[in-house]
Amino acid sequence: MKITSVHVDVVKHTLPSQAPVPFGPRGSIAIVRVETDEGIVGIGDAMTHCFFHEAGVSVKTLIERGFKPLIVGEDPLEYRRLWNKMYLSEMYTRQRGLALDAISAIDTALLDIAGKKWGVPIYKLLGGHYHDKIRAYASDVFDMQNPDKTIELVRRVLGEGFTGVKLGYGGFGLDLDESEEIIKVIRDTFGYGFTLMVDGPSTLTFPEALKLGRKLEKYDVFWWEEPLLRTDLEGYVELSRALDLSIAAGEELQTVYGFKDWIVRNALDVIQPDVHVAGGLSECKRIADLAEQWNTLLVPHSWSSAINLTAALHLVASLAKGFFVEYRTADTPLMSAILVDPPKLEDGYIRVPDKPGLGIELNEQTIEKYRM
């Protein structure tokens, strides 16, 4: 089998209203299709969120002008060799940032091809499956300006069957007392019968984070995600040692090399590689293997698209300690309409696809409607 072509569609959308998030109420992904001479097409995607969608143009250019010439004519079943070929081809421009997003999409597409070729789901290529279904947590945004809206959001997602809820940003953490109060109100209203996580604001000083973390401990918060700057490895090491609640981060880290120090130094209790950022499914499996050696939990970040969520399901299914997957509850076409049959919540769980490869079919009408 040989790769014959690579195509990229950048799909974008704008939400008319949403609580503030770092890149605004926008979202985009680059959908990659790797074609072969046997008619098998592999699908992957890269995260390209930004204010003006310029990242999508960059990833499309990187793939079509840079990586496509490197892999056309190659055997897609040799996905790890091709990963290294792309990664090592130019150390100044292809070993970090958007280039790794592009490699992530291609890598996942190559595994999709391999699964389809051999007639097995991707989780079998990752070593087998420990789980037929994965517990999902609802992932959404605080509204600190209107706490009643946050309470209604929690009420809605619990009513939909979620047994885990993560809320972030929207002003959380900027005022320590207000941040404690909204968590207290959530617990007072709904009790302790569900798992609660918080996210952000990623800008606290260490003393501020320590103070707020000790407040959150009183309300059985399972993990606190990215309280400090994403570059503050030393701060995370100290914070993880000082607090009883778990500290989580890692959605921007890339490759097993980028995760190594965070894992071996126990900077985090929960690492969160994103399949379409960290290097693709095969690289995320390497990250997971390292985390398992150091007894660190892995819960992938999967907030951008139903394609990305499906890839995360295959990854978690292959982990002995896999127990959670992130489900973005905001109604966006990238989650609800990009696939013909997107993942669905059933009694708090999402079933892992058992069809060959990723087990997905793209909704071409949605792609046409939102293509950039």
Side-chain angles (χ1 to χ4, degrees), residues 21-22 137 139-142 144 150 154 164-188 190-192 194-254 256-274 278 287-288 290-301 303 319 321-324 326:
V21 290
Y137 71 84
S139 182
D140 217 302
V141 182
F142 281 108
M144 300 297 292
T150 299
V154 176
V165 180
K166 184 182 79 178
L167 299 169
Y169 292 95
F172 178 79
L174 301 183
D175 184 292
L176 302 191
D177 291 333
E178 287 182 1
S179 298
E180 178 186 11
E181 180 61 24
I182 190 67
I183 300 300
K184 181 179 184 298
V185 170
I186 290 172
R187 284 304 195 195
D188 287 346
F190 302 105
Y192 289 77
F194 69 100
T195 305
L196 178 63
M197 294 82 75
V198 296
D199 188 1
S202 303
T203 55
L204 298 179
T205 65
F206 181 85
E208 289 172 333
L210 185 60
K211 183 177 181 180
L212 180 53
R214 286 175 174 160
K215 292 176 180 289
L216 297 178
E217 287 175 337
K218 296 183 293 184
Y219 304 101
D220 192 26
V221 171
F222 177 33
W223 80 56
W224 186 12
E225 186 171 324
E226 295 193 335
L228 303 172
L229 288 174
R230 299 171 175 92
T231 53
D232 189 4
L233 172 60
E234 298 299 330
Y236 276 99
V237 170
E238 293 303 316
L239 195 64
S240 294
R241 290 174 179 171
L243 295 176
D244 288 335
L245 59 80
S246 294
I247 301 297
E251 66 190 68
E252 297 91 0
L253 295 177
Q254 295 180 306
V256 71
Y257 316 116
F259 275 89
K260 180 182 176 181
D261 285 346
W262 293 79
I263 293 172
V264 301
R265 295 195 60 195
N266 295 309
L268 301 170
D269 302 290
V270 182
I271 62 166
Q272 300 173 296
D274 191 311
I287 295 167
L290 180 62
E292 182 180 40
Q293 294 176 47
W294 288 84
N295 203 30
T296 302
L297 291 176
L298 186 152
V299 179
H301 179 262
W303 198 73
L319 307 181
K321 294 183 179 180
F323 71 104
F324 242 157
E326 180 177 22

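Atom set for the values below is all heavy atoms of this structure, side chains included, hydrogens, waters and symmetry mates excluded. Counting begins at 1 with the first residue of the sequence. Predicted, not measured: the structure shown is a model, and the values here were computed from it.
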message = Please determine whether salt bridge (Lys or Arg N to Asp or Glu O under 4.0 Å) holds for the pair Glu238 and Arg241, giving the CA-CA distance in whole Å, both sets of side-chain angles, and the decisive distance to 0.1 Å.
response = CA-CA 5 Å; Glu238 293 303 316; Arg241 290 174 179 171; 3.4 Å; yes
message = I'd like to know if the side chain of Ser179 and the backbone of Gly173 have a donor-acceptor N/O pair within less than 3.5 Å.
response = yes
ask   = Has Lys218 got more than 12 heavy atoms of other residues, nucleotides or ligands less than 6.0 Å from its NZ?
value = yes
query = Quick check: does any side chain N or O of Glu225 sit under 3.5 Å from a backbone N or O of Ala249, one acting as donor and the other as acceptor?
reply = no
message = Please determine whether side chain to side chain contact (heavy atoms under 4.5 Å, CB included) holds for the pair Leu167 and Ile186, giving the CA-CA distance in whole Å, both sets of side-chain angles, and the decisive distance to 0.1 Å.
response = CA-CA 11 Å; Leu167 299 169; Ile186 290 172; 3.9 Å; yes
inquiry  = Using a 6.0 Å cut-off, check whether atom CD of Glu292 has over 12 heavy atoms from anything other than its own residue.
reply    = no
ask   = Between Arg230 and Ser202, which heavy-atom pair has the shortest distance, and what is it?
value = NH2-OG, 3.7 Å
request  = Return the minimal non-hydrogen interatomic distance between Trp224 and Leu245, and the atom names on each side.
outcome  = CB-CD1, 3.7 Å
remark   = Value for CD1 (Ile263) from CG (Leu298), rounded to nearest 0.5 Å, stands at 7.5 Å
request  = Show your working on side chain to side chain contact (heavy atoms under 4.5 Å, CB included) between Leu196 and Val154 and close with a plain yes or no.
outcome  = CA-CA 10 Å; Leu196 178 63; Val154 176; over 6 Å; no
request  = Rounded to the nearest 0.5 Å, what's the gap from CG on Asp269 to CG on Leu297? Could you check?
outcome  = 8.0 Å
From Leu243 atom CG to Arg214 atom CZ, the distance as rounded to the nearest 0.5 Å = 6.5 Å
query = Is there a side chain to side chain contact (heavy atoms under 4.5 Å, CB included) between Trp223 and Asp199 once you walk through the steps?
reply = CA-CA 8 Å; Trp223 80 56; Asp199 188 1; over 6 Å; no
inquiry  = How long is the straight-line distance from CG of Asp177 back to CG of Leu212, given to the nearest 0.5 Å?
reply    = 9.5 Å
query = Are Trp294 and Phe259 an aromatic pair by the rule of ring centers under 6.0 Å?
reply = no
ask   = Which atoms form the tightest heavy-atom contact between Glu178 and Met144, and what is the distance?
value = O-CE, 3.7 Å
query = Which heavy atom in Phe324 sits nearest to a heavy atom in Tyr137, and how many Å separate them?
reply = CE2-CB, 3.6 Å
query = Does Arg187 make a cation-pi contact with Phe194 (under 6.0 Å, within 45 degrees of the axis)?
reply = yes
request  = Using a 4.5 Å cut-off on heavy atoms from C-beta on, say whether the side chain of Asn266 contacts that of Ser240.
outcome  = no
key: Interatomic distance, Leu204 atom CG to Asp232 atom CG [nearest 0.5 angstrom]   = 11.0 Å
query = Of all heavy-atom pairs between Val198 and Phe142, which one has the smallest distance, and what is that distance?
reply = CG1-CZ, 4.1 Å
message = Between Asp261 and Arg265, does the salt bridge (Lys or Arg N to Asp or Glu O under 4.0 Å) criterion hold? Intermediate values first, please.
response = CA-CA 6 Å; Asp261 285 346; Arg265 295 195 60 195; over 6 Å; no
inquiry  = What verdict does the side chain to side chain contact (heavy atoms under 4.5 Å, CB included) test give for Lys166 and Trp303, after you've listed the backbone C-alpha separation in whole Å, the side-chain angles of each residue and the deciding distance to 0.1 Å?
reply    = CA-CA 12 Å; Lys166 184 182 79 178; Trp303 198 73; 5.9 Å; no
key: Interatomic spacing from OH in Tyr257 to CD1 in Ile287 - rounded to 0.5 Å   = 10.5 Å
Distance-minimising heavy-atom pair for Ile247 and Pro227 = CG2-CD, 4.4 Å
query = Which residues satisfy the side-chain hydrogen bond (donor to acceptor under 3.5 Å, both in side chains) test with Asp274, sequence neighbours excluded?
reply = His276, His301, Asn308
